[in-house]
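Quick note: numbers below take in every heavy atom, side chains included, and nothing from hydrogens, waters or symmetry partners. Counting from 1, the numbers follow the sequence of the chain as shown.
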Amino acid sequence: MLFTPSKLATATRWALCLMSLSSASAIADEAQTSNKSMERMIITGSRAVERIDEVPSSVTLINQQTLAQDMQVTSELQNLLAFRVPGLAPSTGTSSNSGQTLRGRAALVMIDGVPQSTPLRNGQLGISSIDPGAIERIEVIKGATSIYGNGASGGIINYITKHAGTDKANINLGVSTKFSAVKLDDSAGVRLDTSIDGTLDDFSYVLSAISEKTGLERDAEGDIIGLIYGLSETQSNNLFTKLAYQLDDDKSVQLTYNYYEAQQDADLIDVIGSVNSGVKTYAIHNTQGIAKPGVPQGPRGNHNLMLKYVDQDIFYNTQLTLDGYLQTIENMFFYSASLANPSEGYDGGQSLIKSEKTGLRVNLATAADWEHVAATFIYGIDALQDVSSQPLEDGRIWVPEMDMYNLAAYLQTKFIIADDWIIKAGVRQDSVDLAVDNYQTLKLCSTPSTCSVPFDVKGGDLSYDSTTYNLGLRYNFNPQFSPFVSFSQGADISDLGRLLRAATVNDINLVQTQASVVDNYEIGLSGQLNDLSYEVAAYKSESELGTSNKFDPVTGVYMPVRAPQKIWGYEAQLDYQILDNLSSGMSYSWVEGKDTDADIYLDGGIIAAPKFTAYLNWQPIQQASIGLNYMYVGDRKRFEQVNGAYVGAQGPIEHYNVVNLSSSYQIDSWQLSLGIENLLNEDYFSARSQAYTYNGYNTKSLGTTVNLGVKANF
């Protein structure tokens with residue numbers, strides 16, 4: 001499916017109609033906002049700059065200073081986010097974020113507003129789609145939202161990339177090494193981080209090249225961690241370029257390109273254990289010269305190209321932002337025996353998700369002032385073509401090519417009344433057309449005699465039309481007391497590829513592919529009491545057609561289940577400035593969910609165990625800083641064994657504790673750093689490793705690992 005002339009004409013007419021609107025004062029571009037003021041500003045929630053105390057929902061911001069401190073310990077974004085974001089499930093300790101849901105639902109991962117997730121076939125690899133060294137800040141908006149389109153049923157994780165400094169040239173050089181303190185053998189890796197940025201008159205630039213090679217990752221017993229989504233001996237590279245030119249006082253143009261790859265090519269083999277036997281899965285050196293099937297796993301070269309044009313005053317007091325983007329993604333999974341078909345000579349297989357996106361966004365922001373009322377209107381159109389599929393490396397087709405065209409119009413309003421009351425309301429209308437050719441489902445065998453039955457499925461066109469709404473109220477009574485309440489909806493074509501590959505009918509129109517609309521309700525309270533800041537929130541989300549898994553013992557395949565779901569939970573976060581040079585904080589999040597038709601709990605692939613985090617930051621002298629991060633993951637035991645064994649993602653989760661240490665010392669333009677992950681060498685399985693009973697997933701997490709680094713700035 002292509003952008004047809006009729007559809008492009010429709011999009012153009014919508015754009016012209018929207019651009020005919022006008023009103024009062026312009027909203028400044030985020031790139032021109034000072035770093036200090038940006039500490040309390042976000043751009044993700046409404047697609048324009050706004051103060052966080054004007055947002056009637058829960059938001060987590062991770063600024064550049066916090067990100068740099070956490071990177072002294074690890075460069076894995078899953079780990080960084082797990083410690084900093086209440087409501088986000090604990091890290092899996094692997095390259096996959098399967099099971100790392102946001103409030104029990106999928107999060108849409110973006111880079112500068114461009115989706116990195118692949119909702120049509122959600123392989124759950126989106127969190128690791130850029131190196132954190134190229135990120136300036138991270139904005140996490142919680143709760144269902146359709147402001148950016150399909151895939152944000154749990155919220156949005158938006159990586160805001162670095163922008164240029166005001167000097168002619170700033171050069172940053174960094175080198176670090178990470179190694180196991182439990183068993184050093186072959187565990188040392190190296191990371192190189194180089195960048196230059198600056199401003200020359202009206203031209204600004206950021207150029208960055210980051211390369212990291214990991215050694216063998218070892219658990220608390222010194223054993224090599226298993227290979228499924230493994231990180232041992234992984235080579236990752238990130239190339240980032242941002243070029244901007246200020247055409248005049250109001251107009252600017254910006255070109256951004258990001259390339260990311262992370263391939264694991266380890267000469268190791270797995271020794272498979274089991275959640276039910278209590279024996280861990282771990283890897284050993286391939287000393288017997290066993291031929292390894294398949295190719296290296298991981299992102300094999302993901303490209304993002306973005307072009308932005310901003311006019312601060314397109315007409316009287318209205319800002320225009322045009323975003324065009326191109327993206328190609330190829331994420332290669334591990335070799336799996338579950339993709340076997342002995343009758344055709346396949347002992348297993350290795351799949352990859354391929355996705356190509358072409359998008360255009362037209363966004364206008366208008367502000368108006370009346371007596372005691374300040375209003376903002378944000379409106380525009382989104383056009384997106386997404387072509388996704390999941391073939392196997394051996395040439396078989398597991399998920400056929402899905403060609404989606406999405407055209408949407410939206411309006412988001414905000415009214416600030418008497419400086420205290422904030423009312424936000426919005427609507428988005430999506431029109432989605434999706435085409436799939438005729439295809440045949442794969443015959444897959446868990447044993448030579450236990451196989452699924454392939455179906456010849458007639459393809460065709462599917463259409464989805466949805467209108468989603470949001471409404472929120474916040475009352476900034478005083479700095480100490482600011483309650484908020486909100487209702488928001490998100491429309492989600494819920495992993496259509498997984499439904500198509502498991503089809504047991506002969507016509508695509510008979511597959512239960514309906515979109516899921518998620519209703520999200522939230523109530524919360526935030527405030528600042530002298531040196532103490534806090535936020536507490538409770539929420540509930542409901543959907544008529546959630547997607548979960550059920551094991552079919554006849555075929556040996558996990559089949560998707562479409563059924564109503566209800567998810568509910570609460571979060572609390574406190575931050576306290578004890579002294580000028582000493583700060584601390586803590587958070588707690590709890591979530592639960594049920595299939596309301598069957599009245600059964602949702603499994604560990606959807607619902608996370610309770611999580612408590614705490615931190616302590618100390619700056620004993622101006623040049624030195626020390627930080628401690630602590631995370632406690634609690635118990636979750638909701639399921640009984642089936643025929644003497646746990647199945648699916650229903651394994652019981654036992655609690656564990658993790659402590660990380662970060663420290664640095666500044667000498668003029670040089671910084672020395674020491675980070676220690678799992679400082680106390682906790683011997684544990686991650687929550688996902690305990691919940692997932694699938695072969696090879698029950699790997700232990702990193703033991704004590706040291707990260708030594710040096711950076712220079714010129």
Side-chain angles (χ1 to χ4, degrees), residues 58 60 77-110 115-119 121-129 138 140-145 150-158 229 488 490 492 494-495 498 516 518-520 522 537 539-543 545-549 560-561 563 565-571 587-595 601-611 613 631 633-634 636 638-639 648-651 653 686-692 694 697:
S58 296
T60 296
L77 277 165
Q78 289 187 65
N79 297 352
L80 304 181
L81 290 166
F83 270 94
R84 297 294 180 182
V85 182
L88 185 70
S91 171
T92 67
T94 68
S95 62
S96 168
N97 49 272
S98 173
Q100 196 172 19
T101 55
L102 183 58
R103 291 184 169 181
R105 298 192 183 272
L108 181 65
V109 180
M110 303 189 299
Q116 304 302 301
S117 305
T118 52
R121 172 71 275 269
N122 191 352
Q124 302 182 78
L125 297 170
I127 286 183
S128 298
S129 55
I138 302 174
V140 182
I141 312 298
K142 302 171 194 175
T145 176
N150 183 37
S153 58
I156 293 171
I157 299 172
N158 194 10
Y229 299 113
S488 59
D492 193 13
S494 187
D495 206 349
R498 188 151 63 99
S516 176
V518 179
D519 295 333
N520 184 82
E522 181 175 12
Y539 58 88
K540 178 181 72 173
S541 68
E542 298 175 319
S543 58
L545 280 175
T547 303
S548 56
N549 285 326
V561 176
Q565 293 179 347
K566 182 171 75 171
I567 295 173
W568 64 96
Y570 59 88
E571 301 165 6
S587 73
Y588 181 76
S589 50
W590 179 91
V591 61
E592 193 50 88
K594 277 191 170 184
D595 174 333
Y601 286 104
L602 300 175
D603 65 28
I606 300 173
I607 301 299
K611 184 181 73 172
T613 68
M631 181 168 66
V633 176
R636 185 173 188 257
R638 294 295 193 186
F639 307 99
Q650 297 183 359
I653 298 174
S686 72
R688 191 189 74 170
S689 290
Q690 297 182 64
Y692 281 26
Y694 318 120
Y697 277 77

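Residues P90 and Q100 are not in side-chain contact: their nearest non-hydrogen atoms beyond the backbone lie 4.5 Å or more apart. Counting heavy atoms from C-beta outward, P86 and Y588 have side chains that stay 4.5 Å or more apart. S95 has its side chain out of reach of S128: every pair of non-hydrogen atoms, C-beta onward, lies at least 4.5 Å apart.
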Tell me, with the steps shown, if L108 and I157 meet side chain to side chain contact (heavy atoms under 4.5 Å, CB included). CA-CA 6 Å; L108 181 65; I157 299 172; over 6 Å; no

Evaluate the side chain to side chain contact (heavy atoms under 4.5 Å, CB included) criterion for residues I567 and R103: first the C-alpha distance (whole Å), next the side-chain angles of each, then the deciding distance (0.1 Å), finally the verdict. CA-CA 8 Å; I567 295 173; R103 291 184 169 181; 5.8 Å; no

As a quick check of understanding, evaluate side chain to side chain contact (heavy atoms under 4.5 Å, CB included) for F639 and Y601, giving each step before the final call. CA-CA 8 Å; F639 307 99; Y601 286 104; 4.1 Å; yes

Full working for side chain to side chain contact (heavy atoms under 4.5 Å, CB included) between S488 and T145: CA-CA 6 Å; S488 59; T145 176; 5.5 Å; no

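Within the model, atoms CE of M110 and OG of S117 stand 9.0 Å from one another, a figure rounded to the nearest 0.5 Å. To the nearest 0.5 Å, atoms CG (L88) and OG1 (T60) are separated by 9.0 Å. With values rounded to the nearest 0.5 angstrom, K142 atom NZ is found 13.5 Å from I156 atom CD1. Within the model, atoms CD of Q124 and CG of D495 stand 7.5 Å from one another, a figure rounded to the nearest 0.5 Å.
One N or O on the side chain of K611 and one on the backbone of A82 form a donor-acceptor pair closer than 3.5 Å. Not a single donor-acceptor pair under 3.5 Å links the side chain of D603 to the backbone N or O of Q650. A donor-acceptor contact shorter than 3.5 Å is absent between the side chain of N520 and the backbone of G143. Looking at Q565, its side chain never comes within 3.5 Å of a backbone N or O of E542 through a donor-acceptor pair.
For Y229, the ring-ring contact (aromatic ring centres under 6.0 Å, His included) partners two or more places apart in sequence, or in a different chain, are F334.
L102 and I141 get closest at one heavy-atom pair: CD2-O, 4.1 Å. Taking each heavy atom of G604 and A691 in turn, the nearest pair found is CA-CB, 4.1 Å. Here the closest heavy-atom approach between residue V109 and residue G126 is recorded as CG1-O, 3.3 Å. For T118 against G123, the heavy-atom pair with the smallest separation is OG1-N, 3.8 Å. Here the closest heavy-atom approach between residue I127 and residue L77 is recorded as O-CD1, 3.6 Å. Pairing each heavy atom of Y694 with each of A649, the nearest pair is OH-N, 3.7 Å.
With respect to E522 and K540, no salt bridge is recorded, no charged nitrogen being found less than 4.0 Å from a carboxylate O.
For the residue pair Y692 and S98, a side-chain donor N or O sits within less than 3.5 Å of a side-chain acceptor on the partner. A side-chain donor-acceptor contact under 3.5 Å links T92 and T94. E571 and S587 form no side-chain donor-acceptor contact under 3.5 Å, judged by distance and modelled atom types alone. For the residue pair S541 / K566, no side-chain donor-acceptor distance below 3.5 Å is found, with atom types taken as modelled.
Figure legend: cation-pi geometry between R688 and Y697 absent, as NZ or CZ is not positioned both under 6.0 Å from the six-membered ring centre and within 45° of its axis.
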